[in-house]
Amino acid sequence: MTLRTGTGTGTGTGTGTAAGRTPGDVVVVGGSLAGLLAAAALAAPGRTVTVVERDVVADAPTPRPGVPQGRQPHALLYRSLVAVEELLPGFGDDLRAAGGVPVDTGALAWLGELGWSPRAEQFPVLSASRPLIDHVVRTRVRGLPGVRTVDGARVTGLRRDGAGGPRWSVVLEGRDVLPADLVVDASGRASRLPVWLDALGVPAAAVEQVDARIGYATRTLRLPVDAVGPAGVVIAQLPHEPGGIALPVEGGRWLVTAAGAGDRRPPRDPDAWRAFLGALRDPALAELVDAGELEGDVVVHRQTANVRHRYDRVPGWPGGLVVVGDALCAFDPVYGQGVAVAALEALELRDAARRDDLTTPRGARGFLRRAVRVGALPWAIATGEDLRLPTSEGRVPRVTALASAWTRELARLGTHGDTVAHTALAAVYHLMASPLTVYRPSLVARVLRARLRGYGPPVARPQVVRGATREAADVPPPGARP
Ligand SMILES: Cc1cc2nc3c(=O)[nH]c(=O)nc-3n(C[C@H](O)[C@H](O)[C@H](O)COP(=O)(O)OP(=O)(O)OC[C@H]3O[C@@H](n4cnc5c(N)ncnc54)[C@H](O)[C@@H]3O)c2cc1C
């Protein structure tokens, strides 16, 4: 086993100024985004935080086997940038300096169910490849006082130890053991925690799942950002229509993704992939691909189910054990929520460790309850939308169906140029506003006015590739009301 360790120099800016009520040593299982952000949240004077990662992680932005989704595009919701910035002040500057591309979310060419979205200043996000995001976060976290990373070490189980010493032994492959007062499972979708808990006699947690059987197929495109009109392109996937996305990343490249569900999942074969893009309900992504130079293979990913483990409801939950990130709740990635939720959970963890003693069953359960609450809105959005797909099993809950009917009304205004309605929806989507804000009286008035006086002309199709001769009028906006 290759053990690569790195310890913080103590020069970084941590968020923890005091360890608070949670004492002792922490072991984080999994050194991807959720694990690293949890380590940032728990770094505090007097506490050691050891992040154990089964991959050997390069000191450069490189895809790795433990994060297979890393070759797929990772859009950061604005809320994720705000939350990571709070955990690691200066993160945005670091990512930009490393090549992250500034994108105004209102400047994306976005074809939704009812037509194109209007252009309007919205949220300033950064677009970068997942390996670059991880590299920047990891570099910062390794500089925090008391944080140590141990790479090339796979955790194979947990042992509960007796009173008096640390509560847990984290067992590594090869039989090494790390003692811990607090264990944070951040080992992602493939977490083995259910098996480890079973071996300890802890009752199984209920698992909630909605799987629309979405597949991604992505290729890298070399194309200068200024050759493209909009900041990025989204052809939203609909219940019966596949979609896709193109986002600029560092190094003058774009990630172009086709997405579909069930037997309409996109193919791995390069020619079939190009044909798939050309057959979408708008050919914007195919135009982009034809204007640039494709690199590498088509990379396919199909593990996209919404899965939530209800550890918060397990009777007799042990003290000193918490779960974050995809290991707790994983989302259909189409909605771009996973990193934001991991970062929000990390902020909850920071506050919980200061306020409560997480080494007690009560403290650990309290955190799990709050973590599930943090993910509740994203879960409702992702599962509510996915249940509309014929590839999912289950029915859309009535309250979700009513909420979607109202957001469709606002979306319809947006596709007819109403930037206020469009921005209100975007604020909820980026987790920057309560879902209740879309019911404010001024928005209700806008819907009523449009219904009475008409919606006005639909937003025109944006020109995607600069200099292309294609006329906007070629493509009628789908679903546009007369
Ligand atoms: C196709 C796809 C696209 C996505 N796009 C977006 C997006 O646009 N925006 C967004 O916000 N989110 C997106 N996500 C979600 C995002 O990838 C995750 O939410 C995010 O990576 C947080 O995951 P994590 O750290 O919990 O787990 P992971 O990133 O899966 O990492 C788990 C880590 O644990 C390690 N590990 C596992 N088992 C062990 C063990 N036994 N011992 C030691 N280490 C172990 C693994 O090697 C890995 O490093 C996407 C996901 C997918 C699948």
Side-chain angles (χ1 to χ4, degrees), residues 1 3 27-39 50-57 63-81 83-84 125 127-131 133-134 137-138 149-158 170-174 176 178 183-193 195-196 214-218 232 234 245 247 249 255 257-259 265-266 299-307 309 323-346 371 375 378 382 430-431:
M1 175 170 63
L3 272 191
V27 171
V28 179
V29 184
S32 177
L33 279 181
L36 291 168
L37 295 174
T50 305
V51 182
V52 185
E53 168 53 50
R54 75 177 167 200
D55 282 352
V56 174
V57 184
R64 58 187 180 84
V67 186
Q69 74 273 30
R71 292 173 186 271
Q72 305 296 336
H74 272 68
L76 295 180
L77 297 184
Y78 189 57
R79 193 73 180 91
S80 44
L81 284 168
V84 177
V125 296
S127 185
S129 71
R130 173 65 195 263
I133 298 168
D134 286 19
V137 169
R138 182 176 149 93
T149 52
V150 179
D151 292 353
R154 195 166 75 89
V155 174
T156 56
L158 296 178
V170 178
V171 184
L172 306 184
E173 198 169 42
D176 283 343
L178 292 171
V183 176
V184 180
D185 179 26
S187 59
R189 278 180 185 271
S191 165
R192 304 278 296 157
L193 186 61
V195 178
W196 301 340
I214 306 272
Y216 273 35
T218 295
V234 179
I245 183 169
L247 288 174
V249 294
L255 292 177
T257 300
R265 283 178 290 192
V299 186
V300 166
H301 194 98
R302 293 185 165 182
Q303 280 182 346
T304 56
N306 301 284
V307 183
H309 297 262
V323 191
V324 293
D326 285 11
L328 179 65
C329 185
F331 302 90
D332 176 354
V334 165
Y335 312 99
Q337 300 166 320
V339 175
V341 172
L344 291 170
E345 288 166 356
H430 281 270
L431 308 178

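Keep in mind that the numbers below use all heavy atoms, side chains included, and drop hydrogens, waters and symmetry copies. Numbering of ligands and ligand atoms starts at 1, following listing order. Sequence positions, counted from 1, serve as the residue numbers for this chain.
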- request: For atom 41 (N) of ligand 1, grab the closest protein heavy atom and report residue, atom and distance to one decimal in Å.
  value: Val155 O, 3.0 Å
- prompt: For atom 3 (C) of ligand 1, which protein heavy atom lies nearest, and how many Å away is it?
  reply: Pro333 CB, 3.2 Å
query: What do we get for Gln303 next to ligand 1 when only non-hydrogen atoms under 4.0 Å count, side chain, backbone, both or neither?
result: backbone
task: Give the atoms of ligand 1, by number and element, whose distance to some non-hydrogen atom of Val52 is under 4.0 Å.
output: 43 (C), 44 (N)
Heavy-atom nearest option to atom 5 (N) of ligand 1, drawn from Ala259, Pro73, Pro378: Pro73
- request: Output the list of atoms in ligand 1 that are nearer than 4.0 Å to some heavy atom of Gln72, sorted by atom number.
  value: 1 (C)
- prompt: Which is it for Tyr335 and Leu77 under the side chain to side chain contact (heavy atoms under 4.5 Å, CB included) test, yes or no, and what are the steps along the way?
  reply: CA-CA 9 Å; Tyr335 312 99; Leu77 297 184; over 6 Å; no
task: Using a 4.0 Å heavy-atom cut-off, say whether Ala153 meets ligand 1 through its side chain, its backbone, both or neither.
output: backbone
task: Can you see which heavy atom on Val51 is nearest to which on Ala39, and at what distance?
output: CG2-CB, 3.6 Å
query: Is the closest heavy-atom distance from Ala186 to ligand 1 below 4.0 Å?
result: yes
message: If the test is salt bridge (charged side-chain N to carboxylate O under 4.0 Å, His left out), which one of Arg192, Arg54, Arg154 qualifies with Glu173?
response: Arg154
Nearest non-hydrogen protein atom, atom 30 (O) of ligand 1: Gln69 NE2, 3.4 Å
query: For atom 20 (C) of ligand 1, which candidate among His74, Arg130, Gln337 provides the closest heavy atom?
result: Arg130
query: Between the main-chain N or O of Ser187 and the side-chain N or O of Asp185, is there a donor-acceptor pair closer than 3.5 Å?
result: yes
message: Tell me whether Asp151 is salt-bridged to Arg138, with the criterion being a basic N under 4.0 Å from an acidic carboxylate O.
response: yes
query: Does a donor on one side chain sit under 3.5 Å from an acceptor on the other, for Thr218 and Gln72?
result: yes
Closest protein heavy atom (residue, atom, distance) for atom 11 (O) of ligand 1: Val339 N, 2.8 Å
query: Identify the closest protein heavy atom to atom 35 (C) of ligand 1: which residue and atom is it, and at what distance?
result: Glu53 OE1, 3.3 Å
- prompt: Going through the distances and angles, do Val300 and Arg265 end up as a side chain to side chain contact (heavy atoms under 4.5 Å, CB included)?
  reply: CA-CA 10 Å; Val300 166; Arg265 283 178 290 192; over 6 Å; no
message: Give me the nearest non-hydrogen protein atom to atom 43 (C) of ligand 1 as residue plus atom name, then the distance to 0.1 Å.
response: Arg54 N, 3.4 Å
- line: Taking only non-hydrogen atoms of Ala34 and a 4.0 Å limit, the atoms of ligand 1 in range are 24 (P), 25 (O), 26 (O)
- prompt: Quick check: does any side chain N or O of His430 sit under 3.5 Å from a backbone N or O of Tyr78, one acting as donor and the other as acceptor?
  reply: yes
task: Write down the atom of Gly375, the atom of Val341, and the distance for their closest heavy-atom approach.
output: CA-CG1, 4.2 Å
- prompt: Yes or no on side chain to side chain contact (heavy atoms under 4.5 Å, CB included) for Asp326 and Val307, after CA distance, side-chain angles and deciding distance?
  reply: CA-CA 8 Å; Asp326 285 11; Val307 183; over 6 Å; no
task: Mind running side chain to side chain contact (heavy atoms under 4.5 Å, CB included) on Gln337 and Cys329 for me, showing each step along the way?
output: CA-CA 11 Å; Gln337 300 166 320; Cys329 185; over 6 Å; no
message: Which of the numbered atoms in ligand 1 are under 4.0 angstrom from any heavy atom belonging to Gly336?
response: 7 (C), 8 (O), 9 (N), 10 (C), 11 (O)
field: Per-atom contacts, ligand 1 versus Gly338 - under 4.0 Å to a heavy atom
entry: 10 (C), 11 (O), 12 (N), 19 (O)
query: Looking only at protein heavy atoms, which one is nearest to atom 29 (O) of ligand 1, and how far off is it?
result: Ser32 OG, 2.7 Å
- request: Can you sort out which atoms of ligand 1 are near Arg64, meaning under 4.0 Å from one of its heavy atoms?
  value: 47 (O), 49 (O)
- prompt: With atoms numbered from 1 as shown, which atoms in ligand 1 lie under 4.0 angstrom from a non-hydrogen atom of Gly325?
  reply: 26 (O)
- prompt: Nearest to atom 26 (O) of ligand 1, what protein heavy atom do you find, and at what distance?
  reply: Asp326 N, 2.8 Å
task: Return the minimal non-hydrogen interatomic distance between Asn306 and Ala382, and the atom names on each side.
output: OD1-CB, 3.4 Å
field: From Ser80, Ala75, Ser187, Pro65 - option closest to atom 37 (C) of ligand 1 by heavy atom
entry: Ser187
- line: Closest non-hydrogen contact found for Glu53 with Arg64 is OE2-NH1, 3.0 Å
